[in-house]
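Okay, so here's the structure we're looking at.
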Amino acid sequence: MGELGAAWALDWMKRAQVVLGEHRMELIDLDRAIGDGDHGENMDRGFKAVVAKLDEAPPDDVAGVLKVVAMTLMSKVGGAAGPLYGTAFMRAAKVADADLDADAVVALLAAALEGIVARGKATTGEKTMVDAWSPAIDAARVVAEAGGSATEAFRAAAQGAADGAEATIPLRASKGRASYLGERSIGHKDPGATSTAYLLAVAAEAAEATLSVEVTP
Ligand code: ADP
Ligand code: MG
């Protein structure tokens, strides 16, 4: 029996809306430097629409929540990120257990990455969101194999994604719009890797909040 269910998934998305709203300008500026400047707007608009949809009719399991996220992002978010994140959440929905333990967290994140790779064909080192998802999964796997909790797995994933996003700075982009810049993409943090780090950071925060609610009588 895992720790994280529908309440966690709904809280994750509420926190995602907040954090992406707070970092809207930062993501716009990052995308201005190596893209077309729409990533912050895309993500802010997309997750506002996600939360509105979830508020209308909250699904009662994790898979249901992730499916609404996927369909909303695919229909409301343009650019590369909409279909990439949409596919990620759709694949994650397909493998999501009703209650996630650490192994299920790894499976969910790995399925999301498979979706991103199936859609965008990027591998690590190409300065994309893959460079945040991939180390996130590696870090979560270490926790799961050591017998850690789902919350600890998300915390590790969040740290892996943040480190991975930082590590995109010296990379030269070879996928997506930033690849048109060639050498000039070097020295900038990838916007999609950065939004991934924020998304996973709030997944961990929501997990911590879920736990603290459970232990408080
Ligand atoms: P667009 O590039 O169409 O304007 P966004 O600005 O919303 O779309 O998203 C840009 C982000 O999408 C990039 O920072 C990168 O992380 C991600 N991205 C772009 N192309 C790919 C790809 N082929 N594979 C994985 N991620 C990609
Ligand atoms: Mg863009």
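The basis for the numbers below is simple: all heavy atoms, side chains too, and nothing from hydrogens, waters or symmetry mates. Start at 1 with the first residue, then count along the sequence. Read the numbers this way: they start at 1 and go in the same order the structure lists the ligands and their atoms.
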Between N42 and ligand 1, which residue portion shows a heavy-atom distance shorter than 4.0 Å: side chain, backbone, both, or neither?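 Side chain only.
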With a 4.0 Å heavy-atom cut-off (strictly under), which part of L84 contacts ligand 1: side chain, backbone, both or neither?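 For L84, the contact with ligand 1 is made by the side chain alone.
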Where is the nearest protein heavy atom to [atom]: which residue, which atom, and how far?
atom                    : answer
atom 3 (O) of ligand 1  : A80 N, 2.8 Å
atom 24 (N) of ligand 1 : A122 CB, 3.5 Å
atom 5 (P) of ligand 1  : H39 ND1, 3.5 Å
atom 20 (N) of ligand 1 : G176 CA, 3.4 Å
atom 16 (O) of ligand 1 : D190 OD2, 2.6 Å
atom 23 (N) of ligand 1 : G120 O, 2.9 Å
atom 2 (O) of ligand 1  : R177 NE, 3.5 Å

Contact check: [X] vs ligand 1, nitrogen or oxygen atoms, below 3.5 angstrom:
X    : answer
D36  : yes
K175 : no
V130 : no

Ignoring hydrogens, what is the shortest heavy-atom contact between [X] and [Y]? Give both atom names and the distance.
X    : Y    : answer
T128 : D190 : C-OD2, 3.3 Å
V105 : A150 : CG2-CB, 3.8 Å
S179 : S174 : CB-C, 3.6 Å
A203 : W8   : O-NE1, 3.1 Å

Using a 4.0 Å cut-off to any heavy atom of G79, which atoms of ligand 1 qualify?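 Contacts of ligand 1 toward G79, numbered from 1: 3 (O), 8 (O).
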Check: E208/T151 side-chain N/O donor and acceptor closer than 3.5 Å: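 No, no side-chain donor-acceptor pair sits under 3.5 Å.
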Would one find more than 12 heavy atoms of other residues, nucleotides or ligands at under 6.0 Å from atom NZ of K76?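 Atom NZ in K76 is not crowded, with 12 or fewer foreign heavy atoms closer than 6.0 Å.
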Return the name of the atom in D38, of element N, O or S, nearest to the Mg ion (ligand 2).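 Going through the N, O and S atoms of D38 one by one, OD1 ends up nearest to the Mg ion (ligand 2).
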Whether E126 side chain and T123 backbone form a donor-acceptor pair below 3.5 Å: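 Yes, E126 side chain to T123 backbone: donor-acceptor pair under 3.5 Å.
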Check step by step if side-chain contact (heavy atoms from CB on, under 4.5 Å) holds for M90 and M71. CA-CA 8 Å; M90 191 54 84; M71 302 211 308; 3.7 Å; yes
Between F47 and Y85, what is the ring plane arrangement, given parallel below 30°, perpendicular above 60°, and tilted in between?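 Rings of F47 and Y85: perpendicular, as their planes differ by over 60°.
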Can you give me the OD1-the Mg ion (ligand 2)-OD2 angle for D36 and D31, to 10°?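 The OD1/OD2 angle about the Mg ion (ligand 2) sits at 90°.
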Measuring from the heavy atoms of G35, does anything fall under 4.0 Å of ligand 1?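 So G35 does not count as touching ligand 1.
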Basic-acidic side-chain contact under 4.0 Å: D11, K14: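 A salt bridge is absent here (no side-chain N lies under 4.0 Å from a carboxylate O).
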